[in-house]
**Q** 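Following this message is one structure expressed as structure tokens.
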Amino acid sequence: MLYRLSFLLALSAQNFGADKLYISATPTKNTVEFYLKRGAVPVIEPDPGLFADEPEDIHLELTVDQ
């Protein structure tokens, strides 16, 4: 189910013309590993607003294929 959801999110992002998804992940091993296994990488510069709201989260981005 989660694999399908991540696929649908990427597809939706593509339909909106996005080339990446920004992920603010709960800092648990399973959550972060889930996104990393799908190709997400830590962001170089976190979004200031999201980082202020969730400073403990792991901020990632996932490139979606166009």
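In this text the structure is predicted, and so the values were computed from the model without any measurement.
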**Q** May I ask you to test the Glu45-Val43 pair for a side-chain heavy-atom distance under 4.5 Å?
**A** no
**Q** Hey, could you give me the CG/CD distance between Asp19 and Glu61, rounded to the nearest 0.5 Å?
**A** 9.0 Å
**Q** Using every non-hydrogen atom in the two residues, find where Ala40 and Ile23 come nearest and quote the distance to one decimal.
**A** CB-CD1, 4.2 Å
**Q** Using 0.5 Å steps for rounding, measure from the OG1 atom of Thr28 to the CD atom of Glu33.
**A** 9.0 Å
**Q** Heavy-atom distance under 4.5 Å between the side chains of Leu60 and Leu21, does that happen here?
**A** no
**Q** Membership question, hydrophobic clusters at under 4.5 Å side-chain separation (ILVMFWY): are Phe34 and Val64 in the same one?
**A** yes
**Q** At what distance, to the nearest 0.5 angstrom, does OH of Tyr22 lie from NE2 of His59?
**A** 4.5 Å
**Q** Quick check: do Leu62 and Tyr35 have side-chain heavy atoms less than 4.5 Å from each other?
**A** no
**Q** Determine the sole option in Ser24, Pro42, Pro27 for which the side-chain contact (heavy atoms from CB on, under 4.5 Å) test with Ile58 is passed.
**A** Pro27
